[in-house]
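In each ligand, atom 1 is the first atom listed, and ligand 1 is the first ligand listed.
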Amino acid sequence: MSELVSGAEILCRALVDAGVEVVFGYPGGAIMPFYHALPDHPGLRHILVRHEQAAAHAADGYARASGRVGVCVATSGPGATNLVTGLAAAQMDNSPVVAITGQVSRPMIGRDAFQETDIIGITLPITKHSYLVQDAADLEDVVAEAIGVALEGRRGPVLIDVPKDVQNQKTAWRGATTTSGASPAPRAGARGQSLTPGASPGSVEDGVRQAARLIKGAERPLLMIGHGVILGQAYAEVRALAEKTGIPVVTTLLGISAFPDGHPLHLGMPGMHGEVLVNRAIQHADVIIGIGLRFDDRVTGNAATFARQARIVHVDLDRAEIGKNVPVAVGIVGDARDVTRRLLAAVEPRRCDRWLEHIRSFTRRREASYRGELSPEAILAAICESSQDECTIVSDVGQHQMWVAKLYPYQRPNTHITSGGLGAMGFAVPAALGVHLARPGETVWAISGDGGFQMNMAEIATMVQEGLPVKMAVFNNGYLGMVRQWQQFFHEKRYSCTPIWSPDYVKLAEAYGIPGYRVKDAGDLAATVERANAEPGPVLVEFMIEQEANVFPMIPPGGSLSEPIETEPAAASAAGATGG
Ligand SMILES: Cc1ncc(C[n+]2csc(CCOP(=O)(O)OP(=O)(O)O)c2C)c(N)n1
């Protein structure tokens, strides 16, 4: 006869059986049975965060860095709702996060019980799938299946809501992670338009043949690669394809680090803050091979004016992406690695030297995006030099995110992690903590602005309590910089509610018992970064950067890639107050 154990015990055993080693969470009434069972499973390391949003971001960071599932746990009601931003970020960036939430006991559901929220209803559009477990006998299968769903195909977050009485219910532990065979519901509401006429994905073979033909005939081909190349681990294949054909490569924000930065074929990042030469290359290209990206509006600008001369080949794991944002000539539904490998076999060797030369003539490779002594470029160069590229960079959201994306010379795959789709400020610090747990032997830098850092800086306590040696950088410009930049460019320099006060970060570090440094001059940069990297534990470094530095170039929202803003708008900078 099978052993009878509680649902909570089954939850823990099923996680251990699935190979889960770390869970990020926060206890509370409706999840107490799980926390009661947890100490019997020393193989499951629990990281007590200071806010459930951080648990979800940390699980996301762990998942992105490890390629495995990231697990977060919260109680019902406010605990569960605090997860929402983190789950939305994971959904937008296809990160395999499994969230386990406590729920009020079954007889109380629907009665507005204390700390009852319909978390399944709330998260329906931001999860790949969700389960309300009504019987502890289902838990074993549900956990195994949820992990499978999160990881299979296009990755994403899955929520398991477990009523408290189900966690206490005794049932048999079968001890084998069998799946129930029940297929998960398809993702709700495929968004966007239907397939572009004539672009219906046929067989992969057909698509690859057509793509190879287009590449052969192209005079100005371009490879655009996105997060799918990182998720599909298609680095070697993409590089080989680029090198066999000589086609220049553009990496989207989430595709950064999928291709070595210094490679002669690498052009940089496209879109709103993309290099001028990259956007011009897109506008001049006659064939674009897009692999594992969704051509979102930050990449295309005004989609109607995007790459009008190009015939687009779009490779994506998700059929719904093909033709959603841009019209495509050839749609290929498949895994980035598999399709690129086939494409590599199908293309003939060629070179694109004249096209490359033409692109290089569009502009300098990288535009200076700063003024002043302590430039973002100098800071990032110091971090790179000191870390000798044994380092993963996790960025927050704002101006610094663009500098981190554009200026750091990423060499190794998947060493740049950011909230690209949702753009969730507050992501970097907790996500970096998750990245460290996935890559304990590596230096991890969390780079934030003074706004985003203050959203989740309470996680310093988590790092101290759990001994997680994350290096935290704050780019302090005294503003919500990216919004201030938009105000400068598009709102007559009316700096409404963007000046932001910060605490004394050196004293803050001291209060948490960690080293804290402030860098004001470029002369102190290298030594301070060196000291921070040499510290065995978490460190906080504040960099006092130019207050009104801007990110250039910039395509105005909804504008064409052909019309970048490359300098301070004269009219705007002449008008209005200076802020401070
Ligand atoms: C949670 C959240 N709230 C608001 C925004 C809108 N937003 C985008 S960038 C930005 C400013 C970020 O300021 P800071 O963190 O100081 O970074 P900086 O731009 O100065 O580098 C804001 C408010 C957001 N992306 N996320």
May I ask you to say whether Lys520 pairs ionically with Glu542, meaning some side-chain N is under 4.0 Å from a carboxylate O? no

If you count only heavy atoms, which residues are under 4.0 Å from ligand 1? Val397, Gly398, Gln399, His400, Gly423, Met425, Gly449, Asp450, Gly451, Gly452, Met455, Asn477, Tyr479, Leu480, Gly481, Met482, Val483

In terms of the angle between their ring planes, are Phe306 and Phe295 parallel, tilted or perpendicular, with boundaries placed at 30° and 60°? perpendicular

Would you call Arg64 and Asp60 a salt bridge, taking side-chain N to carboxylate O under 4.0 Å as the test? yes

For Ser395, all residues meeting side-chain hydrogen bond (donor to acceptor under 3.5 Å, both in side chains), sequence neighbours excluded: Thr418

Do the side chains of Lys324 and Glu321 get close enough for a salt bridge, i.e. N-O under 4.0 angstrom? yes

Taking NZ, NE, NH1 and NH2 as the nitrogens, is one of them in Glu535 or Lys471 under 4.0 Å from a carboxylate oxygen of the other? no

